[in-house]
Amino acid sequence: MTELPYRYDVTHTAAQVASDHAGIEPGTETEVVVTLAGRLMLRRDQGKLAFGSLQDSSGRIQLFATAKSTPDFDGFTHLSIGDWIAVTGIVMMTRRGELSVRVDSWTVLAPSQRPFPDKWHGISDPDTRYRQRYVDLWVSEESRTAFMQRSQVVASMRRLLHEQDFVEVETPMLHPIPGGALARPFVTHHNALGQDLYLRIAPELYLKRLVVGGMEKVFEIGRVFRNEGMSSRHNPEFTMLELYWAYADHSDMMRLTEELVAGIAVDVLGSTTVTYDGRPVDLSTPWRRATMEELIAEHAGVEVSLDTPLDELRAICERFGVEVKDQYGPGKLILELYEKTTESELWGPVFVTDYPVEVSPLSREHRQRPGYTERFEAIVAGRELCNGFSELTDPAVQRQRFVAQEADRAAGDDEAMVVDEDYLRALEYGLPGTAGLGVGVDRLVMLLTGTSTIRDVVLFPTLKPEQPN
RNA sequence: GCCCCCGUAGCCAAGUUGGUCACGGCAGCGGACUUUUAAUCCGAAGAUCGUGGGUUCGAAUCCCACCGGGGGCACCA
């Protein structure tokens, strides 16, 4: 057994060889010598002749080995499926017209000491796919494609935002006070400080501090953590894009949002039309705008508003099976009604606007509709894709909202916010009219890749620890 | 957290009205084969049927608990 190399000079990828030699005649040999590396994924031995399939990150190419021209031919035919090898040889076309690299020399880069999954069926057990992604990526084309597209989505997002002069920043993930969203945080502990810290549930409050600091167009793409249940649409850690844009309002932000999403779709898929659950979604701009109440009227057939008498509103909600709690005000009831009857029915894309103040503690009140905010969510394929609003800039009002949240917290709502005095101090230095946006990157990737579970777009989704049994 | 379903060798997978405790394929091992394409052919081998209890003369097949997974509900993005 030779020593495994520390490095290796590879000259080509499988895809490069294919594109460089398109259309050559069957049964011909070129004089082009290439060196490739990858895993041996298939092998077809035929006595003094053997074929293999070498796979690298660009694709697969056939290896052609003969007893006459391949050194240690016997060793070559005893390679295991899954072994990493490097191969050097001429590019040729077999008689059957399969572009191949003749194995004029070969080296093992790393043996696979565990057997690879069935070459045809791959891994069918989802658990194994998620736990052993390092195997899944080799045997599942869809898996590779989804993660390549995910990378492209994020790259496109950055490019489009940079083109519009947004500045990318990184803000703390360890927060002394969890804030910026309604969610339960993970708690951790800093030994030297002797104090608990929270994994962030949103970067929002830090990013708005940066707008106060003069970063007029700022964004962050990063992980947030929410201590909640897992499902096909929820992973405890997920990736958000948040961006803030000074001197702009919710209308500006809706335009930016639809252009951003449509632009990413074109970048990654070459089209603004995607298929989800077998149905087409047209992401071309502009997207429809409709108030929450208009959409409830369309889908539930009832007219509600903050002016609807509370008793009546409660009765309507109960009629539609909404769980009505005593502390729910009209805004919360309308939101619950919307989520129960309407949201999943919206194919979209559609901007749902005018969320009640009661359920939007960081949003600025609507300039024409008291009690409502200039907040919107984009719904696509029945799912929330993003959330944005004209930011609440008045420190006094923000304090009142925080205090109201603390009351909810005291009443047992452990997702309610707590007062963030430093954030209020920042607002007191002045925050101009600013629009903000949060996009669930995982869900955007799901939409664009047509995957139905978040676990197919997160490389290592959160799982229960593997039990030995 | 609740409800439903699933768990057979490294992988895929028969067998589930309880009675040749386990069919077969891939991978691996041995052999044949110089143009294959999930190569093919021959041979040998590989399974405490998730774990632990229970019912029974007898269980992979029935019951209970636990572990793991999937789907749905709840919560959220």
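Please read these numbers as outputs of a predicted model, since none were measured by experiment. Chain A is the first sequence line, chain B the second, and so forth, proteins listed ahead of strands; every chain is numbered from 1.
With 3.5 Å as the limit, one finds a donor-acceptor pair spanning the side chains of Arg375(A) and Ser360(A). Side chains of Arg60(A) and Gln55(A): a donor-acceptor N/O pair is present below 3.5 angstrom, by distance only. A donor atom on one side chain and an acceptor atom on the other are not found under 3.5 Å apart for Tyr206(A) and Glu170(A).
As judged by a 4.0 angstrom heavy-atom cut-off over every strand, Arg95(A) is placed among the base-contacting residues. Here Leu42(A) lies in heavy-atom contact (under 4.0 Å) with sugar-phosphate atoms only.
In terms of position along RNA chain B, the nucleotide closest to Ser80(A) lies nearer the 5' end than the nucleotide closest to the other residue of the pair Ser80(A) and Gly440(A). When each of Glu384(A) and Leu79(A) is assigned the nucleotide of RNA chain B bearing its nearest heavy atom, the one mapping closer to the 5' terminus is Leu79(A).
As rounded to whole Å, 16 Å separates atom P of C75(B) from atom CZ of Arg226(A). As a whole-Å value, the separation of Lys48(A) NZ from A32(B) C1' is 10 Å. The interatomic distance linking Gln46(A) (CD) with A38(B) (P) rounds to 14 Å, in whole Å. Atom pair Ile61(A):CD1 and U37(B):C1' shows a separation of 14 Å (rounding to whole Å applied). Between the CG atom of Asn235(A) and the C1' atom of C75(B) there is a distance of 15 Å, given to the nearest Å. Straight-line distance from the CZ atom of Phe73(A) to the P atom of U35(B): 12 Å, rounded to whole Å. Distance Asp45(A) CG to U37(B) C1': 13 Å, rounded to the nearest Å. One can place CZ of Arg43(A) at 16 Å from P of U37(B), the figure rounded to the nearest angstrom.
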- Message: Using ring pair (Phe, Tyr, Trp, His ring centres under 6.0 Å), reason through Trp84(A) and Trp138(A) one step at a time and then give a plain yes or no.
- Response: CA-CA 12 Å; Trp84(A) 289 87; Trp138(A) 282 102; 5.2 Å; yes

- Task: For Glu258(A) and Thr285(A), run side-chain hydrogen bond (donor to acceptor under 3.5 Å, both in side chains): C-alpha distance rounded to whole Å, both residues' side-chain angles, the deciding distance at 0.1 Å, then the answer.
- Result: CA-CA 6 Å; Glu258(A) 60 194 3; Thr285(A) 62; 5.4 Å; no

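A salt bridge links Arg209(A) with Asp420(A); the closest basic N to acidic carboxylate O contact falls under 4.0 Å.
Applying the Watson-Crick and G-U wobble criteria (two distances, each under 3.5 Å), A60(B) pairs with nothing in any strand. In this structure G7(B) sits in a base pair with C67(B), meeting the Watson-Crick or G-U test at under 3.5 Å. Across all strands shown, A44(B) has no partner, as no Watson-Crick or G-U wobble contact with both distances under 3.5 Å is found. Base pairing analysis places C23(B) opposite nothing; no Watson-Crick or G-U wobble pair with both distances below 3.5 Å involves it.
Contact annotation: Arg44(A) does not reach the phosphate of C33(B) (side-chain N/O to OP1 or OP2, under 4.0 Å). An OP1 or OP2 oxygen of G30(B) is reached within less than 4.0 angstrom by a side-chain nitrogen or oxygen of His78(A).
When the C1' atom is compared between C64(B) and U55(B), the two are found 11 Å apart, to the nearest whole Å. A gap of 32 Å separates the C1' atoms of C73(B) and A13(B), to the nearest Å. Atom name C1', nucleotides C3(B) and A74(B): the rounded distance is 11 Å, in whole Å. Between C26(B) and A45(B), the two C1' atoms lie 15 Å apart (nearest whole Å). Rounded to whole Å, the separation between the C1' atoms of A59(B) and C41(B) comes to 39 Å. Rounded to a whole angstrom, the distance from the P atom of A47(B) to that of G54(B) is 26 Å. When the P atom is used for both C63(B) and C4(B), the distance is 13 Å, rounded to whole Å. One P atom belongs to A60(B), the other to C23(B), and the distance between them is 14 Å to the nearest Å.
The nucleotide whose nearest atom lies closest to any side-chain atom of Arg233(A) is, among C73(B), A38(B), U34(B), C73(B). When the nucleotides A27(B), U34(B), U37(B) are ranked by their closest atom to the side chain of Leu49(A), U34(B) comes out on top. The nucleotide whose nearest atom lies closest to any side-chain atom of Thr94(A) is, among U35(B), U34(B), A38(B), U35(B). Proximity note for Lys340(A) (side chain, C-beta onward) versus A74(B), G68(B), G10(B): the nearest is A74(B). In this structure, of A74(B), G10(B), G28(B), it is G28(B) that holds the atom nearest to the side chain of Ile81(A). When distances are taken from the side chain of Lys68(A) to each of U34(B), U35(B), C73(B), the shortest belongs to U34(B). When distances are taken from the side chain of Gln62(A) to each of G69(B), U37(B), A39(B), the shortest belongs to U37(B).
Annotation: cation-pi pair Arg102(A)/Phe64(A) absent, no NZ/CZ under 6.0 Å from the ring centroid and within 45° of its normal.
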